[in-house]
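Encoded as structure tokens, the structure appears first; notes follow it.
Worth knowing before you read on, the calculation uses all heavy atoms, side chains too, and leaves out hydrogens, waters and symmetry mates.
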Amino acid sequence: MGQLLLLLLIRRRMPMMMGVVIARKRRATCRGRGRRNGAIQDGGAENDTKDLDEACNAAAATGEATTTMEEKTDDNDIGPSDSIEMPPKPLSESKWMRRDSIPPNGPSATPPSIDELKSWQFDVLSYQHEALISTFASVLEYYDIPAKYSIDVQTLHNFSAYAMERHNPDAAYHNWHHGVSCMHMSFLLLSLDGADAYLTDDHIFALLFAALVHDVDHAGHNNDFEVKTATDRAAKYGNDAVLENHSITITYEEILTRDGCDIFGGMKAEGREEEWKVLLDMAKEYVLWTDPARHGELLKTLATKHEEASAPTSMWNRDDPDSRSLLCRMIIHAADISNPVHSNFAVVRDWCSRISTEFAEQAKKESEAGLPVTPFMDGLDDEYRVSKQQIGFYQWMAIPFFTMVAKCLPDAAEVESHCSRNKKRYEDIVARIDDVRKNGEVLEDDEEKNEDSKEG
């Protein structure tokens with residue numbers, strides 16, 4: 001199937017054809033495979049054969065193999081087989097991490113508007129770091145939080161700018177872009193999916209604040225690595241939610257205490273100390289629930305609550321503190337693992353390559369330290385292995401959780417749909433590569449046998 005797709009690209013009537021490059025010894029095989037798979041059909045066989053000959057001749061000059069197909073379902077998405085290269089690229093050479101290649105001219109320096117933020121198509125990675133400083137203020141202003149909590153505009157800007165600085169610039173995934181992404185997804189679940197109707201202003205403020213800072217000063221590896229290597233952080237927090245507790249400490253003790261950065265200062269000046277302390281306690285609770293170790297417990301709790309509810313709309317009660325707390329836990333955890341639900345697969349792959357890079361780096365550190373290598377992080381060295389790992393992540397973590405989110409918030413059905421579709425994209429990638437490899441091996445063996453018989 002993979003080779004058929006490759007040959008179909010060579011037909012002149014396709015809207016787009018990149019180079020198809022094949023080693024010189026495969027010319028005959030290239031032509032034979034097209035007929036065997038039915039790629040040359042619909043009349044015009046001679047012309048198509050000529051095109052194929054020309055492609056194969058051009059291929060022999062370069063010695064590489066590249067297959068690119070355009071199957072866009074809408075203006076914001078890429079097709080499932082777009083930019084699939086054979087052999088699969090190593091992560092270090094992969095184009096999945098877009099970096100400065102984001103169209104049209106690289107990441108934007110213009111801050112996004114609230115209308116752009118209030119969209120499932122918003123792409124955090126398409127903006128420069130500084131352009132995202134204003135996003136926290138924008139989503140808070142949407143709920144009139146600055147006025148209600150006496151937050152000075154300049155103080156809000158200072159806080160966001162310093163929060164950006166305190167995110168780890170060397171972490172491929174757990175960085176400022178991820179913090180903004182988590183806050184943005186929380187905002188969408190609140191505003192577009194109706195969760196805000198079941199929450200007070202306190203909960204909305206604490207949730208958006210927590211989402212932005214939940215990975216401040218992240219180490220670029222997970223809690224298990226902190227515990228296995230017996231870091232000072234692990235000892236400080238008793239091996240429990242080490243990185244989450246560390247982010248809370250940095251936020252509360254360093255960012256908020258910096259001159260001009262205390263967004264709760266206005267409340268303190270008005271004698272509302274008890275109120276801001278409650279907000280900080282709530283935010284801490286939400287950050288701690290981003291610990292992946294709590295995923296199973298949260299999913300089970302949500303399933304039980306859903307089963308007990310007579311209807312999705314009866315699950316949540318704005319006057320019930322436990323209901324509000326559980327809803328906020330669900331939202332921030334969903335937002336934290338939300339990259340698989342983006343509507344654009346190019347964005348999904350980009351985030352995937354970033355987290356996979358972090359996983360691969362941790363696996364290398366574990367191996368060098370003589371520690372057991374975390375199984376799901378081992379061997380993530382090319383697009384094929386990364387795709388296979390992602391299928392498992394979707395199957396066991398992402399899809400079950402976002403299916404539950406859609407049950408608890410029916411207006412969130414779109415994210416469940418995107419999640420299932422993107423899993424299928426990875427399955428298609430793996431199947432296509434498996435098929436190309438299988439066909440290539442068989443055809444190569446056949447060709448070598450034919451060459452041997454000729455020599456005999």
Do you know which two heavy atoms are closest between K407 and M315, and how far apart they sit?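 Reported closest heavy-atom pair: O-SD, 4.5 Å.
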Kindly say whether [Y] contributes a backbone atom to a donor-acceptor pair with the side chain of [X] at under 3.5 angstrom?
X    : Y    : answer
H178 : N175 : no
S338 : A335 : yes
N422 : P340 : yes
R98  : R349 : no
T290 : V287 : yes
S150 : G266 : no
H157 : V153 : no

Do D196 and H203 pair up side chain to side chain, a donor and an acceptor below 3.5 Å, judged on atom types alone?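 No donor-acceptor contact under 3.5 Å links the two side chains.
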Without hydrogens or angle criteria, can the side chains of Q362 and E358 be said to hold a donor-acceptor pair below 3.5 Å? no
Residue among I331, V139, I204, L212 satisfying side chain to side chain contact (heavy atoms under 4.5 Å, CB included) with S186: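 It is I331, the one option of I331, V139, I204, L212 that forms the side chain to side chain contact (heavy atoms under 4.5 Å, CB included) with S186.
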If you count heavy atoms of other groups shown closer than 6.0 angstrom to NZ of K300, is the number above 12?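 Open: at most 12 neighbouring heavy atoms sit under 6.0 Å from NZ of K300.
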Pair L279-M267, side chain to side chain contact (heavy atoms under 4.5 Å, CB included): steps then yes or no: CA-CA 11 Å; L279 287 170; M267 298 174 66; 3.8 Å; yes
Do NZ/NE/NH1/NH2 and the carboxylate oxygens of D232 and K236 come within less than 4.0 Å? no
Could you check, using the six-membered ring where one of them is a Trp, whether F136 and F187 have ring centers closer than 6.0 angstrom?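 When the ring centroids of F136 and F187 are compared, they turn out to be at least 6.0 Å apart.
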Taking side chain as C-beta onward, heavy atoms only, is W96 less than 4.5 Å from V386? yes
Is there a side chain to side chain contact (heavy atoms under 4.5 Å, CB included) between F225 and V242? Walk through the geometry before answering. CA-CA 10 Å; F225 186 82; V242 178; over 6 Å; no
Only residue of Y286, F264, Y143 satisfying ring-ring contact (aromatic ring centres under 6.0 Å, His included) with F209 is F264
Supply the atom-to-atom distance H221 NE2 to E361 CD, rounded to the nearest 0.5 angstrom.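 Separation between the atoms: 11.5 Å.
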Give, for atom CG of D217 and atom CD of E165, the distance between the pair rounded to the nearest 0.5 Å.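 Going from the CG atom of D217 to the CD atom of E165 covers 12.5 Å.
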The test is side chain to side chain contact (heavy atoms under 4.5 Å, CB included); show your working for H174 and N168 and say whether it passes. CA-CA 7 Å; H174 290 98; N168 183 356; over 6 Å; no
